[in-house]
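Note that the structure is predicted; figures quoted are calculated from it, not measured.
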Amino acid sequence: QVHLVESGGGLVQAGSSLRLSCAASGFTVEYYAIAWFRQAPGKERERVSCINSSGNTYYSDSVKGRFTSSRDNAKNTVYLQMNSLKPEDAAVYYCAAGESCSYFDYWGQGTQVTVSS
């Protein structure tokens, strides 16, 4: 059975850093595309990053240069390192898995990130 579990969210001040984790079970992250999405109240869900099975990473313009996605195959976990956080980064962050960065079959339950100004 496939599971994705996010962790690492919390309340931080603007300018701080957080590292989110997406621990997978039931499949091997190395062979899938794993994306991070976020959704703030009243806003559409936004894909902020994706790392595909080749290890190529993609970022939205809103986080490029501040966020970094990486994969630890031994731990079957994908990370999102978030630096220089801004209040507008506050959202529930979800990880998702699929065969490509265009379509996702599996979703986690989300982790809340709050950034105070």
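If you chain together ILVMFWY residues whose side-chain heavy atoms come under 4.5 Å of each other, Val2 ends up grouped with Leu4, Val12, Leu18, Leu20, Phe27, Val29, Tyr31, Tyr32, Ile34, Trp36, Val48, Ile51, Tyr59, Val63, Phe67, Val78, Leu80, Met82, Leu85, Tyr93, Tyr106, Val113, Val115.
Side-chain contact between Ser60 and Arg47 is absent, with no heavy atoms from C-beta onward closer than 4.5 Å. With contacts defined as side-chain heavy-atom distances shorter than 4.5 Å, the pair Ser62/Glu46 qualifies. No side-chain heavy atom of Gln13 sits under 4.5 Å from any side-chain heavy atom of Ser117. Ser49 is not listed as a side-chain neighbour of Lys64, based on a closest heavy-atom distance of 4.5 Å or more.
Heavy-atom minimum distance, Ser21 versus Thr77: CB-CG2, 4.2 Å. Across all non-hydrogen atoms, the minimal contact from Cys95 to Glu6 is N-OE2, 2.8 Å. The nearest pair of heavy atoms linking Ala33 to Cys50 is CB-SG, 4.0 Å. Phe104 and Gly98 make their closest contact through CD2-N, 3.7 Å (heavy atoms, listed as atom of the first residue, atom of the second, distance).
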Practice task
Step by step, work out the side chain to side chain donor-acceptor pair (under 3.5 Å) result for Ser17 and Asn83.
Solution key: CA-CA 4 Å; Ser17 298; Asn83 298 330; 2.9 Å; yes
Exercise for the section: Assess whether side chain to side chain contact (heavy atoms under 4.5 Å, CB included) is satisfied between Arg71 and Tyr79, documenting all intermediate values. Expected result: CA-CA 6 Å; Arg71 187 173 64 204; Tyr79 302 99; over 6 Å; no
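Take Thr114 and apply the side-chain contact (heavy atoms from CB on, under 4.5 Å) test, not counting sequence neighbours, and it matches Leu11, Gln112. Applying the salt bridge (charged side-chain N to carboxylate O under 4.0 Å, His left out) criterion to Arg19, with sequence neighbours excluded, gives no partner residue.
Between Tyr94 and Trp107, the two ring planes are perpendicular [angle over 60°; tilted spans 30° to 60°].
Without hydrogens or angle criteria, Arg38 side chain to Val92 main chain gives no donor-acceptor distance under 3.5 Å. Under a 3.5 Å cut-off, the side chain of Ser54 and the backbone N or O of Asn52 do not form any donor-acceptor pair. Put simply, the side chain of Gln39 gets close to the backbone of Lys43: a donor and an acceptor are under 3.5 Å apart.
Using a 4.0 Å cut-off between charged nitrogen and carboxylate oxygen, Asp89 and Lys86 do not count as a salt-bridge pair.
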